[in-house]
There are 2 protein chains.
Amino acid sequence: MTDKPDSAGGANSGMGAPDLIAALTDESGLVSALERKLAASILADVSFATNASITEIAARAGVSPPTVTRFCRRLGCASFSDFKLQLARSAYVGLRYLRPEPMTSTPAEVAEDIVTKAQNALFEMHRGLDLEALSRAAGLLAGAQMIYAFGSGGNSSMIVNELQNRLFRLGCRITASNDHGMSLMLAAAAEPDAVVIGSSFTGRNLELVRCFGLLRERGIKTIALTQSNSPVAAAADVVVAVDLPEGQNIFRASSTRYAFLAAVDILANLVAYADRSRSARLLRGIKAQLIRHRDGDDRQLLGD
Amino acid sequence: MTDKPDSAGGANSGMGAPDLIAALTDESGLVSALERKLAASILADVSFATNASITEIAARAGVSPPTVTRFCRRLGCASFSDFKLQLARSAYVGLRYLRPEPMTSTPAEVAEDIVTKAQNALFEMHRGLDLEALSRAAGLLAGAQMIYAFGSGGNSSMIVNELQNRLFRLGCRITASNDHGMSLMLAAAAEPDAVVIGSSFTGRNLELVRCFGLLRERGIKTIALTQSNSPVAAAADVVVAVDLPEGQNIFRASSTRYAFLAAVDILANLVAYADRSRSARLLRGIKAQLIRHRDGDDRQLLGD
DNA sequence: GCGTTGATGAAAATAAATTTCTGAAATGTG
DNA sequence: CACATTTCAGAAATTTATTTTCATCAACGC
């Protein structure tokens with residue numbers, strides 16, 4: 001470990017958190033039956049695994065310590081301790097998936113549950129992010145003469161409002177619409193150099209699909225912020241997929257919003273970076289706000 | 001370690017992540033000069049510390065290994081390995097605070113930056129959460145005959161709209177207002193059994209302060225979702241404080257939104273649990289939506 | 001059927017962490 | 001100011017943990 005070349009620079013040390021839980025669940029890299037048994041044993045009680053020694057883990061899985069060491073190496077870790085470290089990191093965000101819904105009741109439990117789920121949602125969104133699609137979407141938005149953002153229902157409404165809120169500050173011409181009828185009219189009236197971005201948590205907003213169809217006929221580019229393999233995704237030119245594991249979200253869409261919100265956040269940042277002059281303008285604006293802040297009149301600082 | 005009683009149940013094993021970085025920065029628990037030196041050395045390169053052995057850490061700090069062991073114990077860890085584990089967990093969410101803004105540019109960096117900051121914000125919000133105040137706020141909201149939610153600017157507007165979106169589903173009578181003038185009129189017309197909740201990211205929304213003052217005179221309860229030690233907080237009856245470290249948020253309020261959103265989420269859940277019949281109604285509603293979902297018409301599932 | 005490859009555990013070797021013990025410094029006390 | 005007491009810190013020894021080496025076994029191909 002002392003001579004490991006990447007331990008100083010920290011190629012995989014502090015950041016990024018290669019997702020060990022996923023690798024463990026995934027099995028594809030695991031050849032032998034014993035290794036699968038080991039993976040299952042670790043997944044069955046991750047918090048035990050993060051705290052136990054190699055001997056204890058081996059004993060619980062019914063294998064020998066060397067097997068555990070080899071297993072860790074196969075998973076891409078430098079050593080067993082490295083494995084434990086990475087597991088601890090992954091477990092911090094990923095652990096809850098493995099537990100059944102505890103039907104929380106005390107305020108502390110509710111708070112922890114919501115925060116954890118939100119972090120999980122962000123983690124999963126980030127893991128499944130298609131950066132290439134995101135870049136293409138940002139490119140389209142940055143080059144658009146006019147942007148329309150469509151989405152309805154409590155959640156997608158928020159998202160498209162947020163899009164408008166973020167993008168108009170970057171100098172984009174944008175309007176958001178939460179109303180199907182209005183969206184259709186806007187789509188019909190849109191000029192060829194416009195870009196339409198639509199959000200749908202479920203991917204089954206059929207009005208949005210219809211809208212996208214109409215726009216495709218007219219050669220206007222469309223971006224969907226939605227689940228992949230959904231009607232909305234199929235109807236759009238560029239799909240920024242936000243796929244979260246079904247299970248826990250079926251009863252509560254709320255954690256999904258964090259993922260969508262972050263996707264919008266990333267998109268807005270990429271749009272800002274897509275155009276240097278725009279980016280500069282953005283920074284100037286922020287600085288101006290900062291100065292205003294120092295002068296005491298910070299009522300509007302960063303939009304409150 | 002084998003007989004450590006809490007290793008099986010995992011009292012501090014998987015969850016909660018006692019924030020070691022904060023404890024390390026805090027210094028108050030550290031008596032001797034050597035321990036402070038050790039803390040400084042670890043903080044100077046956290047990712048080194050998470051990967052190194054006790055000997056390496058001791059050498060770098062210029063102390064002996066036993067001192068490191070004792071140091072870990074003093075910090076509340078069971079052993080040095082336990083310390084490393086906790087450090088790794090804390091570092092995963094807390095590390096970025098210690099690094100200067102890297103001026104991200106590639107899409108991958110932007111995405112990681114935003115996701116990490118959002119997770120940081122959630123983590124910090126959770127850490128500083130005053131559950132007692134939150135419960136009181138939820139109790140007020142659950143008992144209110146009418147709720148007014150005030151907040152302006154892009155961010156707080158979103159928050160109060162979200163509040164309305166969440167609470168009306170629970171059977172609360174609620175209206176959100178993003179307009180100062182309108183808010184004042186609503187406040188003036190509010191009846192004594194109403195409750196007003198206001199959001200302000202900066203805590204310096206003076207119109208909101210004025211509103212709260214007016215309401216206090218009239219004996220109407222007010223709840224603030226804002227920074228503690230701010231004018232808005234001072235003017236409210238119940239303060240749900242969301243305090244995030246300044247540094248990284250001065251240039252971009254966006255990560256703060258995740259914290260506020262989660263606070264609203266928690267609040268809404270507590271309101272739901274505050275009233276059993278309401279909670280039951282909520283669940284029935286969700287079930288009905290689920291059934292509709294199975295029938296194929298899931299267009300409105302959970303509000304999209 | 002036999003050699004080869006890869007997987008596995010036992011035992012040995014290595015490395016790591018903790019305890020014990022001893023000396024040094026600081027603080028209080030006569 | 002000297003002495004006792006406490007606390008702190010490191011050296012060495014002990015314990016514990018991890019990894020390497022090596023021998024065995026099973027599966028697979030030739």
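- Rounded to whole Å, atom P of D:dC8 lies 14 Å from atom CZ of B:F71.
- Scanning for side chain to side chain contact (heavy atoms under 4.5 Å, CB included) contacts around B:A263 gives B:L225, B:V242, with sequence neighbours left out.
- Separating the CD1 atom of A:I57 from the C1' atom of D:dT19 is a distance of 15 Å, rounded to the nearest angstrom.
- B:N229 meets the side chain to side chain contact (heavy atoms under 4.5 Å, CB included) test with no other residue; sequence neighbours excluded.
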**Asked** When you check every protein heavy atom under 4.0 Å of nucleotides 18-24 of chain C, what one-letter string (B, S, -) results, 5' to 3'?
**Response** BB-----
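- For the pair B:E35 CD and D:dT7 P, the computed distance is 14 Å after rounding to whole Å.
- Regarding B:D82, its CG atom lies at a distance of 14 Å from the C1' atom of C:dA17, rounded to whole Å.
- One finds a side-chain N or O of B:T67 lying less than 4.0 angstrom from the OP1 or OP2 phosphate oxygen of D:dG10.
- Listed by chain and residue number, A:P107 satisfy the side chain to side chain contact (heavy atoms under 4.5 Å, CB included) test with B:S135 (two or more places apart in sequence, or in another chain).
- By the side chain to side chain contact (heavy atoms under 4.5 Å, CB included) test, A:A268 pairs with A:R166, A:L167, sequence neighbours left out.
- A:F83 meets the ring-ring contact (aromatic ring centres under 6.0 Å, His included) test with no other residue; sequence neighbours excluded.
- Checking B:Q119, B:R127, B:H126 one by one against B:F123, the side chain to side chain contact (heavy atoms under 4.5 Å, CB included) holds for a single residue, B:R127.
- For B:T55 and C:dA16, the shortest distance from a side-chain N or O to OP1 or OP2 is not below 4.0 Å.
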